[in-house]
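Reviewing the structure listed below.
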Number of protein chains: 2
Amino acid sequence: MDNELSKYEKPSVTVDTVIFSIKENDLKVLLVKRSSSPFKDKWAIPGGFVKIDQSLEDAAKFKLEEKTGVKDVYLEQLYSFGSPKRDPRGRVITVTYFALINSDNVKLKGDDAKWFSITELPQVAFDHNTILDYALKRLKWKFEYTVVAFSLLPKKFTMTQVQDLYEIVFNQKFDKRNFRKKILSLNILEEQEVMRNVSFRPPQLYSLKANIGEIVNIL
Amino acid sequence: MDNELSKYEKPSVTVDTVIFSIKENDLKVLLVKRSSSPFKDKWAIPGGFVKIDQSLEDAAKFKLEEKTGVKDVYLEQLYSFGSPKRDPRGRVITVTYFALINSDNVKLKGDDAKWFSITELPQVAFDHNTILDYALKRLKWKFEYTVVAFSLLPKKFTMTQVQDLYEIVFNQKFDKRNFRKKILSLNILEEQEVMRNVSFRPPQLYSLKANIGEIVNIL
DNA sequence: ATACCTTATTGTTTTATAGACATGAAGTCA
DNA sequence: TGACTTCATGTCTATAAAACAATAAGGTAT
C-alpha cells in the first residue's frame, strides 16, 4: 500500500440501507435484530461493512438481496453519517441508502428480520433513529417530486392503488377526481388492459412509461 | 481496537468540498493544483483525509477555512463516492460537500488555489468532474427551492443583486417585475435603509429575515 | 437650473394551474 | 332485475404565473 494512504489511521466504513415497503395498507420499514454487542437484541437498519474492493452501491445491493431476496429495486444513496462517537467500538462511518421494494413476493430470510410500521418503530441501535427520520423525509420528498412511488407498486396497477399509496405515505386523503386528473396530466402512464374477474366495475390498469425523467412534480 | 472492526481491511476516507462563489458576474468554483502524484499538476476539488476523531463536517470546515480563511459559510453534504478504482493509490472513499461563500473578502492563501468559471473548467483529477457535475445540479436545485442563494450575497443587498445572481446561476433572464413580486411575496426579506451616494435612483436594501425555514419554492 | 443619464420601482391583464364538489357507469351476485 | 361495490368523470371558482411598458429618483454635465 502506498505511503500517503497509510499515514492516517483509517475509519471503518459500513453501508446501511433503509428498506421501505407497503404491507397491510401501511408503510413499513425492515429492521434486523442485532445478534451481538453492542446493542445486542436491539433492532437496527440492515447493513454491513464495505468490502475493500466493493463499491458502496454494490455493498448496499448485496445486503439487500441477502435480507430480502429481491434484486431489482429502487435504491438511492441517502447521506453519510460520521460522528466520531456514533459507534462505541471505534470510528465507524456509515453511508446510508434507501430502497423501495414491492414486498408482494418477498419472503424474509431468517427470523432476525421484521417489518415495522413507521408509526410503531421500536428503539433502535446506534444513531439509527436519526437515519430513519432522514430516510422518511427523503421518501416523502421523493413522492412529491418524482416518480419513485411506482417502484412500490406491481408493474400493472390501478389508479386507486396509486392514490392509496400516496394517502398512506402522506397520511392524508386526496380528492379522487383531482388526483386522477393530476396524475394523468403528467403523461407518465400507459393504459393497459382492464382488470378481469372483479365483482364490480373493472378498473383500468396502467403501467409506468419507460424512460421517464426522474423529476416531475407529482403533487 | 475491537475485534470485529479490525476483521475487515479498511478504506481511506477523504472529504472534498466544492466551493462556489460569485466573482466578476460569474459563477465560480475553487480548485487547487495538486502538488504530488497521482494527477500531479492537475486541478482538483480541495479536500483531505478525515482524521480519526474528526466528524465529516468538521473535516470539511477545516479544509475550507484553510483554503479560504472564511468560517461562517453555507455547507452541505453532497454525496459519497466510493468506486473501488477511483484513486490509483488504493481504496479511497470520498464524502463530498458543497459550500457557498461570499468571496468579497476572501484572499486565497497560496497560489495553488484558483477560481474557475463553471463554464471554463480545466481537466480535473480523479472523478472530480463527476463530483462537479453533481454539485452544480444540486446548486441549481437549491436555488430553485430554498433560500441558500442569499449566502452568496452580502448581508444587505438590492433586489437587482438577487436577480443577477439567479440569472447567472440559471443562465437565463427573468422579468424584473415578476421576479421582484415573487421574491417579495415569499416574505423572507426585511427592508433596510436605501443605498446612498449612487449616481442614479438609490435602490432599496434588503436583508434576509432570521429563522427562515429552508425550503420555500423560490421560482 | 435644466436637460440628460442611469438604474429602480411599480400595476394590469391574460393564462394556466389547483381546489372544491356529486353523480352515473360497469361489472358480480343473489 | 335489483342490490351492491368500486370505478370514472366534468364544471366552476380561486389562486398563481406570465406577459407586458411607463414613471421615479437620484447624480452629472452644461
Side-chain angles (χ1 to χ4, degrees), chain A residues 22 25 140-141 143-147 149-150 153-154 156-168 170-207 215-219, chain B residues 22 24-25 140-141 143-147 149-150 153-154 156-168 170-208 215-219:
Chain A
I22 299 286
N25 260 24
K140 286 187 183 173
W141 189 86
F143 263 61
E144 193 162 355
Y145 294 107
T146 80
V147 113
F150 298 92
L153 295 175
K156 296 177 183 180
F157 47 83
T158 67
M159 194 58 82
T160 304
Q161 282 179 287
V162 180
Q163 183 166 355
D164 287 348
L165 180 52
Y166 271 88
E167 291 184 341
I168 289 168
F170 288 101
N171 193 28
Q172 171 183 167
K173 292 283 177 190
F174 299 102
D175 179 85
K176 243 193 216 185
R177 290 159 291 186
N178 293 338
F179 186 87
R180 299 169 84 90
K181 236 185 305 175
K182 190 68 206 291
I183 300 290
L184 289 174
S185 76
L186 296 172
N187 220 22
I188 55 175
L189 298 187
E190 271 174 342
E191 290 195 359
Q192 301 293 330
E193 71 277 10
V194 292
M195 196 181 278
R196 307 283 321 161
N197 294 324
V198 283
S199 72
F200 44 81
R201 176 168 175 176
Q204 177 70 49
L205 288 170
Y206 297 91
S207 65
I215 298 206
V216 288
N217 257 43
I218 305 267
L219 299 185
Chain B
I22 299 285
E24 300 145 11
N25 258 25
K140 286 187 183 174
W141 190 87
F143 263 60
E144 193 161 355
Y145 294 107
T146 80
V147 113
F150 298 92
L153 295 175
K156 296 178 184 180
F157 47 83
T158 68
M159 193 58 83
T160 304
Q161 282 179 288
V162 180
Q163 183 165 355
D164 286 348
L165 181 52
Y166 272 87
E167 292 183 340
I168 288 169
F170 288 100
N171 193 28
Q172 172 184 164
K173 292 281 176 191
F174 298 102
D175 179 86
K176 247 192 213 184
R177 290 159 290 186
N178 292 338
F179 186 88
R180 299 168 84 92
K181 236 185 304 175
K182 188 69 205 289
I183 299 291
L184 289 174
S185 76
L186 296 172
N187 221 22
I188 55 176
L189 298 187
E190 271 174 343
E191 288 196 358
Q192 302 292 330
E193 71 278 9
V194 293
M195 194 181 279
R196 307 282 320 160
N197 293 324
V198 282
S199 72
F200 44 81
R201 177 168 176 175
Q204 177 69 51
L205 288 169
Y206 298 91
S207 65
L208 187 66
I215 298 207
V216 289
N217 257 42
I218 305 265
L219 298 186

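All chains are named by letter (A, B, ...) in the order of the sequence lines, taking the proteins before the strands, and each is independently numbered beginning at 1.
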message: Measuring from the side chain of B:D175 (C-beta onward, heavy atoms only), which nucleotide among C:dG19, C:dG24, D:dC20 has the closest atom?
response: D:dC20

- prompt: Roughly, in whole Å, what's the span from NZ in B:K173 to P in D:dA19?
  reply: 16 Å

Derivation of the side chain to side chain contact (heavy atoms under 4.5 Å, CB included) call for B:L219 and B:Y166: CA-CA 10 Å; B:L219 298 186; B:Y166 272 87; 3.9 Å; yes

message: What contact category does B:N197 fall into here, base, sugar-phosphate, or nothing, at under 4.0 angstrom with non-hydrogen atoms?
response: nothing

task: Starting from the C-alpha separation in whole Å, work towards a yes-or-no answer on side chain to side chain contact (heavy atoms under 4.5 Å, CB included) for A:L184 and A:Y206.
output: CA-CA 10 Å; A:L184 289 174; A:Y206 297 91; 3.9 Å; yes

message: Nearest whole Å is fine: how far is D:dA8 C1' from A:Q163 CD?
response: 12 Å

- request: Ignoring backbone atoms, test whether A:R180 places a side-chain nitrogen or oxygen under 4.0 Å from the OP1 or OP2 oxygen of D:dA8.
  value: yes

field: First of B:P202 and A:R177 reached from the 5' end of DNA chain D, by closest nucleotide
entry: A:R177

message: Rounded to whole Å, how long is the line connecting atom CZ of B:F174 with atom P of D:dC20?
response: 16 Å

field: Nearest listed nucleotide, side chain of B:Q204, among C:dT9, C:dA8, C:dA26
entry: C:dT9

query: Should the ring pair B:F143 and B:F170 be called parallel, tilted or perpendicular, given that the plane angle runs from 0 to 90° and is split at 30 and 60?
result: perpendicular

task: Please work out if B:T160 contacts a base, only the sugar-phosphate, or nothing of the nucleic acid, heavy-atom cut-off 4.0 Å.
output: sugar-phosphate

query: To the nearest angstrom, how far is A:L189 atom CG from D:dA8 atom P?
result: 12 Å

field: Nearest-Å distance for atom pair CG/P, residues A:N217 and C:dA16
entry: 18 Å

- prompt: If you pin A:P203 and A:K181 to their nearest nucleotides in DNA chain D, which one's is more 5'?
  reply: A:P203

task: Spell out yes or no: do the side chain of A:K176 and the base of C:dT23 have one donor N/O and one acceptor N/O closer than 3.5 Å?
output: no

First encountered from the 5' end of DNA chain C, between A:L219 and B:L184: B:L184

- prompt: For A:R201 and C:dA26, what is the distance between atoms CZ and P respectively, to the nearest whole Å?
  reply: 6 Å

message: If I take atom CE in residue A:M159 and atom P in nucleotide D:dC7, what distance separates them, rounded to the nearest angstrom?
response: 12 Å

- request: Please state whether the rings of A:W141 and B:W141 are parallel, tilted or perpendicular, taking 30° and 60° as the class boundaries.
  value: perpendicular

- request: Round to a whole Å and report the spacing from CD1 of A:I183 to P of C:dA18.
  value: 12 Å

message: With a 3.5 Å distance limit and no angle check, can you tell me whether B:E191 reaches the backbone of B:Q204 through a side-chain donor-acceptor pair?
response: no

Any B:K182 side-chain nitrogen or oxygen under 4.0 Å from OP1 or OP2 of D:dA17: yes

message: Does D:dG26 have OP1 or OP2 under 4.0 Å away from a side-chain N or O of B:S199?
response: no

